[in-house]
Amino acid sequence: MTTRRPVTPEPIPMVDVTAQYVRLKEELDAAVSTVLASGRFILGPNVQAFEEEAAQYLGVAHAVAVASGTDALHLALVAAGIGPGDEVITTPFTFIATAEAIRYVGARPVFVDIDPRTFNLDVQHLESALTPATRAVLPVHLFGQPADMGRITAFCDRHDLILIEDCAQSFGATWGDRQTGSLGDFGCFSFFPSKNLGGCGDGGLITTASAEQAEHLRALRNHGSRRYAHHDEIGFNSRLDELQAAILRVKLRHIEAFNDARRGAARRYGEWLGNLPLILPYEDPAGRHVYHQFTLLLSERDAVREKLTQADIASMIYYPLPLHRQIVFRQDYVGLSLPIVESVAQRCLSLPIYPEIGDARIERVAKTLQSAF
Ligand SMILES: *Cc1c(COP(=O)(O)O)cnc(C)c1O
């Protein structure tokens, strides 16, 4: 007689990058072996081809591949000539890298409160954040949802400010008929493995309409060199490598399918969770949200999260502490009160979402949430 063990369901992770590898194994293995056999690992044909293919997909004139999304932001700020004494208006509800990059160049991040529906920088605070030192605005298209680029570009035009988009979470998101990263002076992308277009290591990309700036960025990423063994300025070692570029070229061919699957998963979540006492992600009809994260607002967050954990379902709090409250920044923002972001940080909860998640896992997450209320 056989004894039946109770079926323990598989854990559900936040992201499953292995599922994507399994799906694209043949293409990825071939791309990687070709690079290995070629012996060219830095600034070779794959980086160039990836830059061209990404520029075409994003609808921009130039794309410059760099070593990470953080470097993309840093180099864009350097290229924009932003430095000590300058102020950059940005959001406190983002990954630390957004503000870190502003500090790398010696400038001051000026944090404004967020829109409680989109979680993006609230454009109604732009005017009051403006000072004679303001040089740039750095919106983040958080969780894959474009910021209000109509009003942000108008504000930047009116006040002659540089516009740098943090597109680390928004590869493939659109505003009107344009891709994020094509709307400002610079677009900064990350290919960290869990991003919508993710490599197998670190990587980043800067987009620009300016041929002159593209050339400058190519020098900056390679020790300030425009010509072999000649250095005109202090630059960086910040190149995307050939292996990552070859991998990203394969994945770029599938990005529409990945993002469609994320949107499909978000729709399924919405159908399951619509009747619960929580706030579902809002989609600004002016844009196409690509659901880097699927983020809810709910008051009993920590108790609900505990139920998910007990059911072996991952969840994350993006972000528990707004940037102006972080130890690294808070002494510079004493007395700054940003009530919306502070309230959102107490109530936000991100659920697992990735292209391969599938209806069965979504159903299990949803039923666990239903039973938690
Ligand atoms: C991931 C991320 C970055 C940094 O990208 P890395 O490639 O990890 O350096 C910057 N900004 C935001 C909003 C991000 O999510």
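What's counted below: heavy atoms across the whole structure, side chains too, no hydrogens, waters or symmetry copies. Each ligand, and each atom within it, is numbered from 1 in the order the structure gives.
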inquiry  = Looking only at the side chains, is there a donor atom on one of E283 and Y291 sitting less than 3.5 Å from an acceptor on the other?
reply    =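 Yes - a donor-acceptor pair under 3.5 Å links their side chains.
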inquiry  = Going by salt bridge (Lys or Arg N to Asp or Glu O under 4.0 Å), name the pairs with one or both residues in residues 321-343, residues two or more places apart or in two chains.
reply    =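 Sorted pair list: R103-D332, R325-E342.
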- Counting N and O atoms only, with roles assigned by atom type, does the side chain of Q145 sit under 3.5 Å from a partner on the main chain of D284, one being a donor and the other an acceptor?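 Checking the backbone N and O of D284 against the side chain of Q145, a donor-acceptor pair under 3.5 Å is found.
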Mind checking what makes salt bridge (charged side-chain N to carboxylate O under 4.0 Å, His left out) contact with E87, not counting sequence neighbours?
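Result, salt bridge (charged side-chain N to carboxylate O under 4.0 Å, His left out) vs E87: none returned.
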#### Entry: Same apolar cluster: M14 and W272, side chain cutoff 4.5 Å
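No, because M14 and W272 fall into different hydrophobic clusters, even though each may have its own neighbours under 4.5 Å.
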Under the side-chain contact (heavy atoms from CB on, under 4.5 Å) test, residues paired with L36 that sit two or more places apart: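 Scan of L36 (side-chain contact (heavy atoms from CB on, under 4.5 Å), adjacent residues dropped) gives V32, F41, L243.
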Sub-3.5 Å pairs, protein N or O with ligand 1 N or O:
{"unit_1": "ligand 1", "atom_1": "5 (O)", "unit_2": "S190", "atom_2": "OG", "d": "3.3"}
{"unit_1": "ligand 1", "atom_1": "7 (O)", "unit_2": "G69", "atom_2": "N", "d": "2.8"}
{"unit_1": "ligand 1", "atom_1": "7 (O)", "unit_2": "S190", "atom_2": "OG", "d": "2.6"}
{"unit_1": "ligand 1", "atom_1": "9 (O)", "unit_2": "G69", "atom_2": "N", "d": "3.3"}
{"unit_1": "ligand 1", "atom_1": "9 (O)", "unit_2": "T70", "atom_2": "N", "d": "2.8"}
{"unit_1": "ligand 1", "atom_1": "9 (O)", "unit_2": "T70", "atom_2": "OG1", "d": "2.5"}
{"unit_1": "ligand 1", "atom_1": "11 (N)", "unit_2": "D166", "atom_2": "OD1", "d": "3.4"}
{"unit_1": "ligand 1", "atom_1": "11 (N)", "unit_2": "D166", "atom_2": "OD2", "d": "2.8"}
{"unit_1": "ligand 1", "atom_1": "15 (O)", "unit_2": "Q169", "atom_2": "NE2", "d": "2.8"}
{"unit_1": "ligand 1", "atom_1": "15 (O)", "unit_2": "K195", "atom_2": "NZ", "d": "3.1"}

